[in-house]
Amino acid sequence: MANVLRNSAKFGFSGVLSQLSIHSRHGRECVSPCFSLQQRNNSTSPKIKVDLDSSTGVAVLRMQSPPVNSLSLDFLTEFCINLEKLEMDRSCRGLIITSTLSKVFSAGLDIMEMYGKSPERCGEFWKAVQEMWLKLYGSNMATIAAINGSSPAGGCLMSIGCDYRIMVDNPRYSIGLNETQLGIVAPFWFKDTLVNTVGNRAAELSLELGLLYSAPDALKIGLVDQLVPEDQVLSTAQDTMSKWLAIPDHARQIDQCVYIIYNTSPLPLDHARQMDQCVISVCIYYI
Ligand SMILES: CCCCC/C=C\CCC/C=C/CC(=O)SCCNC(=O)CCNC(=O)[C@H](O)C(C)(C)COP(=O)(O)OP(=O)(O)OC[C@H]1O[C@@H](n2cnc3c(N)ncnc32)[C@H](O)[C@@H]1OP(=O)(O)O
């Protein structure tokens, strides 16, 4: 543990994940010289748009994959590449995630990825889901979800993978891990992330009943941190981010790292990740 803490100070949580075994080799310490200034500041891809304001160090990642920003393999791959680029960019300290679509933040995992695909493809897809969570939850950046629409299942996972959640105050927008309502089961690390957000009892009820919460109810159980009018969600996220960035990065990162190490099951470990990948892809294949 002493080593883990020493490394956390040096590399942040992503660095600790890689020290523990795996993939994240993109702590703030290793800035790739490969990205041109232009590439670092703005990137546009079909499903995701990123704008980095180098004067504030805050990037806004907009999901723009109609109709519902579902998390397909292509989407997840793009998402992870963008996250990795930002992670390697020393000038980027904060990330806001939002949607360009009206009414939907993200509909969660793309149902079509879980239907009639080969075992290999199921495995690849699940690896990408894991990667998204590891990169986001383990990010060295301060992360805020500006939830401007419904966010069920994997969309909720993405939101609770951020440090802070601001949701539009609209009772028609819902959020939650509703997997059991679909007859499937949220994996253990979805559960951990939810428990870390809302506590044990609320998570238990929420998962077993597959509850989707309206925005006001989500605030009541602490699934989101703040509600704001639709037209203020981004500006509030920017204001909130400046408070997060007033904290020295290393202190925030170590604090987050210690919290996660003590409160999260070992998905960051290679064997746990592979076992999870194997179990879930077999389940998806036989559904
Ligand atoms: C013991 C067995 C163990 C088995 C374990 C196996 C696997 C474990 C995996 C567990 C993890 C799962 C996590 C997930 O994320 S599962 C996905 C769950 N997602 C949902 O339930 C969301 C469903 N969608 C909605 O609720 C709504 O679409 C909405 C997001 C609220 C938006 O509503 P609205 O604006 O009214 O839009 P529509 O409903 O009309 O949809 C428009 C369009 O989009 C298609 N679509 C919706 N969701 C998805 C999706 N997740 N993936 C792909 N496509 C989606 C929808 O079909 C419409 O398409 P058409 O216009 O072509 O009809």
Side-chain angles (χ1 to χ4, degrees), residues 46-47 63-80 97-134 136-137 145 147-162 167-168 170-195 197 203 206-215 217-218 223-224 230 265 267 272-287:
K47 298 177 193 307
M63 299 182 284
Q64 50 177 26
S65 180
V68 289
N69 286 329
S70 62
L71 309 178
S72 62
L73 180 56
D74 285 352
F75 183 101
L76 290 165
T77 304
E78 260 186 57
F79 185 88
C80 287
I97 299 178
T98 193
S99 161
T100 59
L101 310 180
S102 69
K103 301 191 298 182
V104 182
F105 181 73
S106 165
L109 304 191
D110 193 308
I111 305 284
M112 297 317 289
E113 293 283 4
M114 296 190 270
Y115 177 75
K117 297 287 193 286
S118 68
E120 293 72 28
R121 171 81 186 199
C122 293
E124 202 186 344
F125 173 62
W126 198 252
K127 188 173 175 201
V129 180
Q130 294 175 328
E131 199 70 35
M132 181 267 287
W133 178 79
L134 286 168
L136 193 54
Y137 209 38
I147 308 164
N148 52 347
S150 288
S151 195
C156 176
L157 179 74
M158 184 185 272
S159 305
I160 59 180
C162 292
M167 189 166 183
V168 168
N170 184 335
R172 275 179 302 184
Y173 296 165
S174 61
I175 181 167
L177 294 179
N178 60 324
E179 282 79 359
T180 54
Q181 287 209 27
L182 309 172
I184 52 179
V185 178
F188 67 91
W189 43 283
F190 283 45
K191 183 270 294 172
D192 282 346
T193 320
L194 187 66
V195 168
T197 308
S206 176
L207 287 168
E208 288 183 13
L209 298 173
L211 298 177
L212 279 175
Y213 298 86
S214 67
D217 287 345
L223 183 53
V224 299
E230 185 110 38
S265 309
L267 186 69
R273 182 178 157 146
Q274 277 162 18
M275 198 175 299
D276 176 68
Q277 194 178 329
C278 182
V279 169
I280 294 291
S281 36
V282 168
C283 285
I284 295 175
Y285 183 66
Y286 282 107
I287 279 177

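Every number for a ligand or one of its atoms is a count from 1 in the order of the listing.
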- Message: For a quick check under 3.5 Å, do Ser106 and Asn69 share a side-chain donor-acceptor pair by atom type?
- Response: no

- Got Pro46 and Glu78 here, is their nearest side-chain heavy-atom distance under 4.5 Å? yes

- Give, for atom CG of Leu157 and atom CD1 of Ile175, the distance between the pair rounded to the nearest 0.5 Å. 10.5 Å

- Task: For the pair Thr180 (side chain) and Leu207 (backbone), establish whether a donor and an acceptor sit closer than 3.5 Å, ignoring hydrogens and angles.
- Result: yes

- Task: Check Leu101 against Ser65 and note the closest heavy-atom contact, atom names and distance.
- Result: CD1-O, 3.9 Å

- Message: Closer than 4.0 angstrom, basic N to acidic O: yes or no for Glu131 and Arg273?
- Response: yes

Contacts table for ligand 1: protein N or O within a distance under 3.5 Å of ligand N or O, distances only.
from, atom 1, to, atom 2, distance (Å)
ligand 1, 15 (O), Leu109, N, 2.8
ligand 1, 15 (O), Gly154, N, 2.9
ligand 1, 19 (N), Ala107, O, 2.9
ligand 1, 21 (O), Asn178, ND2, 3.4
ligand 1, 51 (N), Ala107, O, 3.4
ligand 1, 51 (N), Leu109, O, 3.0
ligand 1, 52 (N), Ile111, N, 2.9

